[in-house]
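Just so you know, these numbers come straight off a predicted model, no measurement behind them. In what follows, chains carry the letters A, B, and so on, assigned in the order in which the sequence lines appear, proteins first and then strands, with residues in each chain numbered from 1.
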Amino acid sequence: MSNTEMFKDRNISEDYFLLDIEDYPTTPWEKFKRVVKRSFKGELFVGLWVVLREMIKFDIHTIQYPEEKLPIGPRYRAVHEMKRLWESGTERCIGCGLCEKICISNCIRMETRYDENQRKEVGEYSINLGRCIFCGYCAEVCPELAITHGGEYENASEQREHFILYEDMLTPIDDVLNKKQREFQGFGAITPHEDERLKKTPLAY
Amino acid sequence: MSKITITIDGKEVETQAGEYVLNAARANNIFIPAICYLTRCSPTLACRICLVEADGKQVYACNAKAKEGMNIVTTTENIEKERRAIMEVYDVNHPLQCGVCDQSGECELQNYTLEMGVDSQHYAIKDVPRPAKDWDHLHYDPGLCIVCERCVTACKDMIGDTSLKTVPRGSDPLDPQYKESMPKDAYAMWNKLNKSIIGLTSGGDMLDCTKCGECAAVCPVGALVDTHYIYTTNAWECEQIPATCGHCSAGCQIYYDVKHTSIESDEPKIYRVTNEWNYVSLCGAGRYGFDYQNKVEGKDEEAFSKAVEAFKKADTISFTSTITNEEALILQRLKEKYGYKLINEEARSFQKFLKDYSEISGQSLWGSDLEEVHHSDFVVSVGMAIKSDNPNARYALNNSMKMNKGAGLYFHPVKDPVIEGLGKNIVSIYHKPLQEEAVLYLLLDLFGDKEKLPKEIVEYLASFHSKVMETKKEVVKKKVTETVKVKKVDEESGEEIEVEEEKTKMVNETIEKEVEVDKNALFDIVGVPAKFSETLEKLLKKKEKFALMVGPDFYTHPNSKNLARLTALIEKYSPFKLVIVPPLTNSLGVALINELDEEKGSFTIGYNTKGDFTLSALGDGDLDMPAINQQEGTLTSVNKRVNPTNQAVPYRGYELNDIANALGLEAELTVDYTKELPVEKGFESKDFDELPNYWENDGTEVRGYVLNNMTVESKGDESVKPFGEETLEGQLIYLANPVRQFTPFTHKTTNLDEKSGLYISEEYLQKSDFNEGDSVRITTDSGELTTTVVCDNKIAGDIFVLPTFDKNLNSEALFSGYRFNRASIEKV
């Protein structure tokens, strides 16, 4: 059995059985009979009883949102984060503009300039979350692993045109210093065996 | 030149004999990789990537000339190896931060690296520190530079400043093992590359040039970048809007690179100007003077109704030539309908000059264009400060000299170190003001066909010649015999003895001779340099294509009629092909379209100039108008071409067309007038949207259309007046702009920062008691004004220059037409 065929076989265990589904009523008389049967069997009360019983037992299995929150998978694509370099704490974004270019909903804009250290500096950076479709292309294309999607999914706002600015997304410097910055494992992250695939460039040093 | 057929990769290709193989291939859509070659410039042979096999022999396509029956193969196994090795070498120590490079994907290094499939590196050398340099309007990052020398070539062969050169890099020599292991051409190319980097010809850190920025435009990588542009946007974010530069009559093709202003503002903003640098070269005004738009938030209805009222009241419209053909036609239609007087002094004098010229030449326009000047080998410029009046004319002059082994004469009263710097084959002749006619007579005398010229003129010219006896020094070879004592060893005794021997040798001896020579009095009148006839003889050797450019000094000259007739005679009776350079952006269009009047009426509407009611695209009038970069329309250039231009930034106010519509003309858009431009003056009845704006691969210009040169009935009267003795003496001032400035529009832009004032040459300032920044009062017979002294090292000599680009200076008030005047200048 090949790998994929394994998944096609749905008969995983003996406990599984097919439901016996009644034929759908076709004539008006049959339909009428079904209505009467369902009305007087008291199925409604069965349901109400189950709810009442579980309420009394206090054995509740649902998540108490917003007091409780489920952990989010590392590949979940919620509001973007801008990362910093581990060693120096400086911002990773180099202002290459690839995210701006690739964005299919055209919601990223940036302003860059020539700074006093003769480097390209990102002056302003914004993502219009009202337009963002969280496709993840920006994180995928980023050559510096600077922009990633975070787990922050609560971004309700009174205004549709709610901009978030670079500063809001940037990892706070304290988090980097305390090693709390989380690394992105999704698209665009370095694959585990990258070193083996590289051809080395000779160096004359 | 004759047509020949060569074969490239099995395809039969027709080309000119002597054309470079690379150009022949490009013209026929055959791809040969090349980095360092620039069309219209000489081959540099820096990159060596254009290697091809011609009849079994490896040659460089950029400098191998096509011969009849040549068989070219563009790739062989060996050539592929060479090319790949060359690209690997270019990638050695080249930074990999393409993400922050301003070339942003328009990079030829990137393209060819991928084209040659370079996926691994075999070569290495220790890098040397290469700090970035700020050269005023340019930023040079040697770390990114691949030393293809395109900037150097463009600056030398096209622009003529020769401000850039290669300087030593100071790196270690290549590992000797590469000499054996590497492909031959790749090694040779690397050896050269490893020794050089781009530096300034002046040697210092200050770039001294005419600031055209063409070097940055041709840079294949992000090494040379305009300072104003650096890191402001990625190239791919910008929309390129094809347009025509609106600053001077050259009508250069440009693209406005436009993108939203900022995160907050969606308003389009021009980030830079780019051009098809293989076929057109811009000046600094075209490249850096782009943000002169008139920002208007909305329609000012009150001002508009006042404008309509003013038009109803007015009897005169006064305007400048910085308008499109369509606007000029609207003004003409308004004149026809309401009888306005149209006032435009500078276009009127040009119109009159053209009319006088046509009387003898029999055609409405000059016969040649700047494109033909590029291909000439003897170019003469008279009557213009060429570098600032029309920078493209200067490029043509320089390019013709560098590419065709050409020569030239530059006649002008103001000394110009830029022209002197073009090379010793261009002789500058500084004649006196008002002596332009004498210059033209001299040209007729030197080059005119005496057999066909009208008899009176031949006789008049002969009257300047006389025979004079002159002592001439001549070097003669002479045989001299002398006795010398020589020490010899006596064969018998073995002793050394002295023997006398006779020796003959040839000695150069200078003798003086009396010779009868022809003396040309015109030489002295025009003020040619010493030994001019010998120099001229040298310059004229092997010259076949002659071009003459005449300029704006002529049109306002008191004897402009005579000058126009002389110009026509030169075109008719000498080998010179003629270009008449219009004074301003669209002076030619205005001169063709409008009937212009001499006298103003009682109430004047001013368009971009002061009037009783002023319409202004500069934003300082009673009603705002769109600037050239905010309009669609056509402009007529020195090349007699009607070029389309497009709107780069939006304009939300009223246009001239709205006023015309309110006054009873009917056109939805200004460009509806494009097809109505007067056919009888040479225009074509074409819709604006039909007009193309591009070049073909073989360099054919496909922009708009060329004006038809109409035949004008000539009366057969070819008489000209003798030239006047009158000149201007004393302290002279000249009305001309510095390079990169033309009009108040260029003055308004942020990147062109030329100071306004009285321009005095560096050498004059040193010997006089004027200093830069002094406040001076200038008084002439026409008026007076007070301004500050500006030191200008781009002029020389004793004539001061006053610019017209600053409208607050009002320098025209000091002149009565002619561009030179006598002035008294005192410090205040």
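- If you measure heavy-atom distances from Lys199(A) to chain B, the contacts under 4.5 Å come from the side chain alone.
- By the neighbour-count criterion of 12 heavy atoms within 6.0 Å, atom CD of Gln177(B) is densely surrounded, having more than that number from other residues, nucleotides or ligands.
- Contact annotation: the side chain of Ile263(B) approaches that of Glu111(A) to within less than 4.5 Å [non-hydrogen atoms, C-beta and beyond].
- To the nearest 0.5 Å, the span separating NZ on Lys120(A) from CG on Asn234(B) amounts to 4.5 Å.
- Using a 4.5 Å cut-off between heavy atoms, Pro202(A) contacts chain B through both its backbone and its side chain.
- To the nearest 0.5 angstrom, Arg119(A) atom CZ is 8.0 Å from Gln97(B) atom CD.
- Within residues 119-132 of chain B, the residues approaching chain A closer than 4.5 Å by heavy atoms are, in numerical order, Asp119(B), Ser120(B), Gln121(B), His122(B), Tyr123(B), Ala124(B), Ile125(B), Lys126(B), Asp127(B), Ala132(B).
- Nearest heavy-atom pair, Thr232(B) versus Thr112(A), reported as atom, atom and distance to 0.1 Å: O-OG1, 3.6 Å.
- Within 6.0 Å of atom OH in Tyr153(A), more than 12 heavy atoms from other residues, nucleotides or ligands are found, so the atom counts as buried in its surroundings.
- The local environment of NZ in Lys133(B) is crowded, with over 12 non-hydrogen atoms from other residues, nucleotides or ligands closer than 6.0 Å.
- Residue Leu96(B) qualifies as open at atom CG: its count of foreign heavy atoms under 6.0 Å is 12 or below.
- The shortest non-hydrogen separation linking Tyr114(A) to Asp134(B) is OH-OD2, 4.3 Å.
- Heavy atoms from other residues, nucleotides or ligands lying under 6.0 Å from CG of Asn111(B) number more than 12.
- For residues 179-194 of chain B, an interface with chain A (any heavy-atom pair closer than 4.5 Å) does not exist.
- No more than 12 heavy atoms of other residues, nucleotides or ligands shown are found within 6.0 angstrom of CZ on Arg197(A).
- Here the closest heavy-atom approach between residue Lys259(B) and residue Met110(A) is recorded as NZ-O, 4.5 Å.
- Taking Asp266(B), Asp102(B), Asp141(B) one by one and counting their heavy-atom pairs under 4.5 Å with chain A, the maximum is reached by Asp266(B).
- For Tyr65(A), the OH atom is densely surrounded, since the number of other residues' heavy atoms within 6.0 Å is greater than 12.
- Looking at Ile94(A), both its backbone and its side chain come within 4.5 Å of chain B, counting heavy atoms on both sides.
- Closest non-hydrogen pair, Lys101(A) versus Trp236(B), comes out as CD-CD1, 3.4 Å.
- Within the 4.5 angstrom heavy-atom criterion, no atom of Glu121(A) approaches chain B.
- Atom CD of residue Glu264(B) and atom CD of residue Glu124(A) lie 6.0 Å apart, to the nearest 0.5 angstrom.
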